[in-house]
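The residues of the chain are indexed from 1 along the displayed sequence. None of the values given here were measured: they were computed from a predicted structure.
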Amino acid sequence: SKNGSSGTAGIADTFYNFGTVEAASGTLAFSGAYVQSAGGTELDGGSISISGSSFEIQGGGLSGSNTITGSVDVGNAGTVNPGAPIGSLQVTGNYTNAGSLNIALGGATPGTGFDVLTVGGAARIAGGTLNVSLTNGFMPSASMSFVFLNAASLLGNFSTVHFPTNLGGLRMQLTYSDTSVTIGFSPLPYVSAGPTNQAVPAGGTVNLSVSATGTGPLGYQWLKDGRLLPGATAGTLTITNAAVTKSGAYSVVVTNGYGI
């Protein structure tokens with residue numbers, strides 16, 4: 001643990017961590033390799049400097065807010081929590097992620113409202129898992145976006161993404177660019193009025209309709225008794241020459257680019 005002063009504490013040899021390393025103030029400087037197989041590394045007011053080879057999180061966790069001067073390599077069993085629970089973690093060198101990255105959303109402001117990981121060099125997402133959670137009772141609104149990973153350059157994507165399940169009619173999605181990854185929210189279609197039961201004489205005409213809102217374009221697909229009706233892809237379904245063979249349970253599925 002480094003605490004009690006704003007100075008620098010240096011370690012020259014290769015450092016193997018399977019317990020807890022805490023940088024509570026000043027700087028922990030490692031001139032050799034830093035290899036963590038278990039346990040945790042916590043930036044709790046202090047920073048870490050790596051002048052040797054990369055900072056390897058093969059297992060256990062890396063958490064907290066501040067700066068790691070050097071490059072970070074997160075293995076399959078490693079986990080990164082910027083902020084813990086919310087904050088901003090900076091890596092001045094390159095960053096490779098094959099493990100888990102946990103991002104908490106608790107507001108709209110980067111670093112204080114939601115977690116941010118900033119990489120000064122190249123970021124490579126070598127699969128791994130992204131876990132997104134909501135905290136502090138926060139519920140995002142439609143069209144909000146959160147740029148949680150910034151880098152000089154970015155390659156790869158997450159193999160697995162876990163989003164919160166109760167989003168109040170919103171769909172969450174990831175957007176990758178050459179330098180960032182963004183979490184976005186868009187409204188799912190909302191059906192305000194569905195088709196109603198109708199009875200007409202034989203040979204008559206039935207018009208079934210649905211009213212829906214949401215980010216367009218909206219798509220429609222009508223079904224009869226649970227089976228798709230080919231070509232019935234408008235907001236209104238017209239049934240002519242009504243007959244017993246045409247009676248049944250009609251329903252419609254409304255979609256947009258974000259879901260059903």
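In this structure the side chain of V200 never reaches within 4.5 angstrom of the side chain of T205, judged on heavy atoms. Contact check for Q198 versus L208: side-chain heavy atoms found under the 4.5 Å cut-off. Between I48 and I50, some side-chain heavy-atom pair lies under the 4.5 Å cut-off. V116 has its side chain out of reach of P82: every pair of non-hydrogen atoms, C-beta onward, lies at least 4.5 Å apart. Side-chain contact between D115 and I86 is present, with at least one heavy-atom pair separated by less than 4.5 Å. Considering only heavy atoms from C-beta on, D178 stays 4.5 Å or farther from L154 through its side chain. Contact check for N136 versus P85: no side-chain heavy atoms found under the 4.5 Å cut-off.
The side-chain hydrogen bond (donor to acceptor under 3.5 Å, both in side chains) test applied to S100 returns no partner, not counting sequence neighbours. For S177, the side-chain hydrogen bond (donor to acceptor under 3.5 Å, both in side chains) test picks out S180, with sequence neighbours left out. Every residue two or more places apart in sequence or in another chain that forms a side-chain hydrogen bond (donor to acceptor under 3.5 Å, both in side chains) with N207 is listed here: T238. In this view, S71 satisfies the side-chain hydrogen bond (donor to acceptor under 3.5 Å, both in side chains) rule with no residue, not counting sequence neighbours. Residues satisfying the ring-ring contact (aromatic ring centres under 6.0 Å, His included) criterion with F148, sequence neighbours excluded, are absent altogether.
Q90 and S88 form a side-chain donor-acceptor contact under 3.5 Å, judged by distance and modelled atom types alone.
We find the OG1-CD1 distance between T41 and I57 to be 4.5 Å, quoted to the nearest 0.5 Å. Considering CG of L105 and CE of M172, their distance stands at 6.0 Å, rounded to 0.5 Å. Between atom OG of residue S65 and atom CG of residue D44 there is a gap of 9.0 Å, rounded to the nearest 0.5 Å. Between atom CG of residue L28 and atom CZ of residue F15 there is a gap of 8.5 Å, rounded to the nearest 0.5 Å. Here the CG-CD distance, from D73 to Q58, works out to 8.5 Å after rounding to the nearest 0.5 Å.
Within the structure, ring pair (Phe, Tyr, Trp, His ring centres under 6.0 Å) pairs that include any residue of residues 40-99 comprise Y34-F55 (at least two apart or interchain). Contacts classified as side chain to side chain donor-acceptor pair (under 3.5 Å) and involving residues 77-86 (residues at least two apart or in different chains) are given here: N81-N102. Listed by first and then second residue, the ring pair (Phe, Tyr, Trp, His ring centres under 6.0 Å) pairs that reach into residues 194-221 come to none, sequence neighbours excluded. Listed by first and then second residue, the ring pair (Phe, Tyr, Trp, His ring centres under 6.0 Å) pairs involving residues 96-136 are F114-F146 (not counting sequence neighbours).
I11 and L62 fall within a single hydrophobic cluster, where Ile, Leu, Val, Met, Phe, Trp and Tyr side chains are chained together by heavy-atom contacts under 4.5 Å. Put simply, L117 and V147 are part of two different groups of oily side chains (I, L, V, M, F, W, Y) that touch within less than 4.5 Å, one to the next. Both L134 and V132 belong to a common hydrophobic cluster when Ile, Leu, Val, Met, Phe, Trp and Tyr are linked at side-chain heavy-atom distances under 4.5 angstrom.
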Return all side-chain donor-acceptor pairs below 3.5 angstrom for residues 160-168, not counting sequence neighbours, or 'none' if the list is empty.
unit_1, atom_1, unit_2, atom_2, d
H162, ND1, N131, OD1, 2.9

Distance-only check: which donor-acceptor pairs under 3.5 Å involve side-chain atoms of residues 241-254, not counting sequence neighbours?
unit_1, atom_1, unit_2, atom_2, d
K246, NZ, T240, O, 2.6
S247, OG, V244, O, 2.7
Y250, OH, K246, O, 2.5

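The only member of L155, I125, L149, T182 that meets side-chain contact (heavy atoms from CB on, under 4.5 Å) when paired with Y176 is I125. Paired with S47 under the rule side chain to side chain donor-acceptor pair (under 3.5 Å), one option of T67, T69, T27, T8 passes, and it is T27.
Applying the 4.5 Å side-chain rule to ILVMFWY residues, one finds Y16 in the same cluster as V35.
N256 contributes no side-chain N or O that, together with a main-chain N or O of L218, makes up a donor-acceptor pair within less than 3.5 Å. Between the side chain of W222 and the backbone N or O of A234 there is at least one donor-acceptor pair closer than 3.5 Å. Proximity of a side-chain donor or acceptor of Q221 to a complementary backbone N or O of L229 within less than 3.5 Å is detected.
Summarising the geometry of A122 relative to N94, their closest heavy-atom pair is N-OD1, 2.8 Å, with the distance given to 0.1 Å. Of all heavy-atom pairs spanning Q36 and N17, the tightest one is OE1-ND2, 2.9 Å. The minimum heavy-atom distance between L237 and A232, with the atom names listed, is CD1-CB, 3.8 Å. In plain terms, the two heavy atoms of A104 and T135 that are nearest each other are CB-CG2, 4.3 Å. Closest of all the heavy-atom pairs between G127 and S159 is CA-OG, 3.1 Å. Shortest non-hydrogen contact noted between A12 and S31 is CA-OG, 3.0 Å.
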Q: Just do the side chain to side chain contact (heavy atoms under 4.5 Å, CB included) check on L89 and V80 with the steps written out, would you?
A: CA-CA 10 Å; L89 178 63; V80 176; 4.0 Å; yes
